[in-house]
Engineer: 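For reference, the structure I am asking about is given below.
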2 protein chains.
Amino acid sequence: MKRILVVDDDPWVRKLVRGYLERAGFAVAVAASGPEALTEFIAHPPDLVVLDLMLPGMDGLDVARRIRDSSRVPIIMVTARSTEDDRVLGLELGADDYVIKPFSARELEARVRAVFRRAESKPMAPRVIGAAGIRMDLERRDSWVDGKLLDLTALEFDLLAFLVQHANRAFTRLELLEAVRGTSYSSFERAVDSHIKRLRKKVEPFPESPSRFVTVYGVGYKLSTEGRREPA
Amino acid sequence: MKRILVVDDDPWVRKLVRGYLERAGFAVAVAASGPEALTEFIAHPPDLVVLDLMLPGMDGLDVARRIRDSSRVPIIMVTARSTEDDRVLGLELGADDYVIKPFSARELEARVRAVFRRAESKPMAPRVIGAAGIRMDLERRDSWVDGKLLDLTALEFDLLAFLVQHANRAFTRLELLEAVRGTSYSSFERAVDSHIKRLRKKVEPFPESPSRFVTVYGVGYKLSTEGRREPA
DNA sequence: TGGCTTTGCCACAACTTTGCCTCAATCTCT
DNA sequence: AGAGATTGAGGCAAAGTTGTGGCAAAGCCA
C-alpha cells in the first residue's frame, strides 16, 4: 500500500486530508511542522509527500529542499492562491504537481493518483535492438559497440540497424542499398563497399581484419555474431 | 437523467435552484434539513448533492461526512462569503466544488456540469513536466530552465513541451511540425530550424554550442538530457 | 599457377543538410 | 487602426555526407 506523508500545520486540514486519503486506500502519516516532517520522513520514508508551503517556523520550501537533497520522492505542493512566487519556487525545486487552497480533497486524490500513475509508468520502453555486441536505440538514434557510444551518419546508422536486425544473413549490395535508401534506384554498387568500410572503421576493433562485417564473396556482406554470445 | 439532491433550509433557495436545475435537464430532489437530507439520500441515492453548510440543527459538515461514509457521490458545497477562513477550507476538503452565497443559479449549473464532466473525464494529464533541467507548467504555460523563468512564444512553448515530453527521442522536422501545429500540412521545413534556433537562444547557456537541442544530422532534432548511457 | 572475377580502398568532387540572416505576412494587443 | 510581437519564406554560406572511378589486392576455379 502506498504511503503518503501529509505536512500541514492546520489540524483541520490534516484530519480531513488524512481521512479522505485513507478512505481512498492510502496509508497516511501526518506532520504539523517542518522538523516533524523531516523526522517522520527519515523514520518512515513515504511514497509521496503532500506539503503545505505555509508552515510556521521552517518554511515549506526549506522542507522541500531538504527532502529533495536526499530523495526523489514525488512532492505535491499546497499553495495559497495569492502566493504565486511560492508556486514558482516550488516547481523549480522539483515539485511534481501542486494544488491551490482552497482545494477539494477529491481533487487532491486525483492528483495523487495521477502522480503515482506517472511515476509507475515505465520510462517508456526504448526500442532497442542488438547483435554482435552492438546495441542500438532506434528512437534516440544512439548506438554502442561494447558499451562505447558510436558516432554514425544517418545512412551508416540505418545500414547498421538493418544488419543488426537481420544478423548473420547475407545480403547483396543491391539489397542493402534498397533497405537503406528505400527505393533501390540502382546506384553504383561500389558505394556499399564504402559504407561497409566506414562502418568497419568505426565499429571493428581491427578494421583490417573484420570479425563482424563479414564479406560473403560473390554475394555481398553479412553481420556475423560468430563466437559471440548475445544477452537476451 | 442525472439526479441531484439540493439541501438548503431556505425555501426560496430550494424553489429557485430546483426550478433552474430542472429546466437545465436534471431530476431534482430537495431537503430542508440534515436528517431529511440523509433520509432522502438513502431512499433515492442521487448522482450529485448540493449542500448548504449553514443548516439548522445538524451541521452541514456532519451531513457531508455521513454521506461520505457510505458514498463517493460528488458534493458541491454552498458557503457564506463571511466564513472564508481555515474552517471553510476544512469544510471544502470533503467536497468536489463550492459556490459562495449569494450565487446565481446559472453559476451553480455551470459547476454542476463541470463536476459531472470531471467525474466522467479520463485520467488527469500531467500539468507539470520536466526534463534536461527544463520545467514546465502546462496549465499556466510557465517554463523555467535551471530555475530561470523563460519568456516563450506560444509556438515555442508547445514545441518545447513536446520535446520535453519525449526527451531524447529524435524527430524529423515534419514530425515536429505536426506535433506543434496539429496537422502537418507540409509547411516549409526550414521553419523548424528557426524555432529551434530561437529556443536555443532562449534556453541554452551557450546557444552556439547547444547541449540540449541536439541536431541529429540527416534526421532532425532531439532534446538530449544528459550523457547517454547504453540501455541495460 | 594463370586467368578471370570480386573486393578494398582512396581522395575528392558533388551533393545534401543545416545555421542563420533578413524580410514580409500575419497575428495580437491596445 | 496602429504598434509591436510572432512566424514563415527564401536564400546563401558553411558544414557534413556520400558516390565515384580506377587501381591494387585478394579470392576462386580449373
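When reading the values below, keep in mind they use all heavy atoms of this one structure, side chains included, and skip hydrogens, waters and symmetry mates. First the proteins, then the strands, lettered A, B, ... as listed; each starts at 1.
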Engineer: What is the distance from CD of B:E156 to C1' of D:dG8, rounded to the nearest Å?
Structural biologist: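 These atoms are roughly 13 Å apart.
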
Engineer: Could you go through residues 50-63 of chain A and list every donor-acceptor pair under 3.5 Å that involves a side-chain atom there, pairing it with any protein atom two or more places apart or in another chain?
Structural biologist:
| from | atom 1 | to | atom 2 | distance (Å) |
| --- | --- | --- | --- | --- |
| A:D52 | OD1 | A:M54 | N | 2.9 |
| A:D52 | OD2 | A:K101 | NZ | 2.9 |
| A:D59 | OD2 | A:L61 | N | 3.0 |
| A:D62 | OD1 | A:R65 | NH2 | 3.3 |

Engineer: Take the protein atom CG of B:L176 and the nucleotide atom C1' of D:dG8, then report the distance between them rounded to whole Å.
Structural biologist: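 Distance check: B:L176 CG to D:dG8 C1' gives 16 Å.
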
Engineer: What is the bend of the helix from C:dT1-D:dA30 to C:dT30-D:dA1 when you compare the axis at one end with the axis at the other, using five pairs each and rounding to 10°?
Structural biologist: 50°

Engineer: A:F188 CZ to C:dT6 C1': how many Å, rounded?
Structural biologist: 12 Å

Engineer: For the residue pair B:I4 and B:F26, what are the closest heavy atoms and their distance?
Structural biologist: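 In terms of heavy atoms, the two residues are closest at CD1-CG, 3.5 Å.
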
Engineer: Nearest whole Å is fine: how far is C:dT16 C1' from A:R181 CZ?
Structural biologist: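 Taking atom C1' of C:dT16 as the reference, CZ of A:R181 is at 11 Å.
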
Engineer: State whether the side chain of B:K222 and the backbone N or O of A:R140 hold a donor-acceptor pair below 3.5 Å, judged by distance alone.
Structural biologist: yes

Engineer: A:L174 CG to C:dT6 C1': how many Å, rounded?
Structural biologist: 15 Å

Engineer: In whole angstroms, how far is the P atom of D:dA5 from the CG atom of B:L152?
Structural biologist: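 Going from B:L152 (CG) to D:dA5 (P), I get 16 Å.
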
Engineer: Just jot down the side-chain hydrogen bond (donor to acceptor under 3.5 Å, both in side chains) partners of B:E107, sequence neighbours excluded, or say none.
Structural biologist: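 B:E107 satisfies side-chain hydrogen bond (donor to acceptor under 3.5 Å, both in side chains) with B:R111 only.
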
Engineer: Among all residues two or more places apart in sequence or in another chain, which pass the salt bridge (charged side-chain N to carboxylate O under 4.0 Å, His left out) test with B:R113?
Structural biologist: B:E109

Engineer: Quick test of your reading: applying salt bridge (charged side-chain N to carboxylate O under 4.0 Å, His left out), list the pairs with at least one residue in residues 199-210 of chain B, sequence neighbours left out, ordered by first then second residue.
Structural biologist: B:E156-B:K202

Engineer: What pairs of residues pass the salt bridge (charged side-chain N to carboxylate O under 4.0 Å, His left out) test when at least one of them lies in residues 163-175 of chain A, not counting sequence neighbours?
Structural biologist: A:R173-A:D193

Engineer: On the nucleotide D:dG8, are OP1 or OP2 found under 4.0 Å from the side-chain N or O atoms that B:H195 carries?
Structural biologist: yes

Engineer: Tabulate below the donor-acceptor pairs under 3.5 Å that side-chain atoms of residues 159-167 of chain A make, not counting sequence neighbours, or state none.
Structural biologist:
| from | atom 1 | to | atom 2 | distance (Å) |
| --- | --- | --- | --- | --- |
| A:H166 | ND1 | A:F162 | O | 3.0 |

Engineer: Nearest whole Å is fine: how far is D:dT20 C1' from A:L155 CG?
Structural biologist: 15 Å

Engineer: How would you list, by chain and number, every residue that makes a salt bridge (charged side-chain N to carboxylate O under 4.0 Å, His left out) with A:D86, sequence neighbours excluded?
Structural biologist: none

Engineer: How long is the line joining CG of A:L199 and C1' of D:dT18, in whole Å?
Structural biologist: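 Rounded to whole Å, this separation is 13 Å.
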
Engineer: At under 4.0 Å between heavy atoms, how does the protein contact nucleotides 17-30 of chain C? Give one character per nucleotide, 5' to 3', with B, S or -.
Structural biologist: BBBBS---------

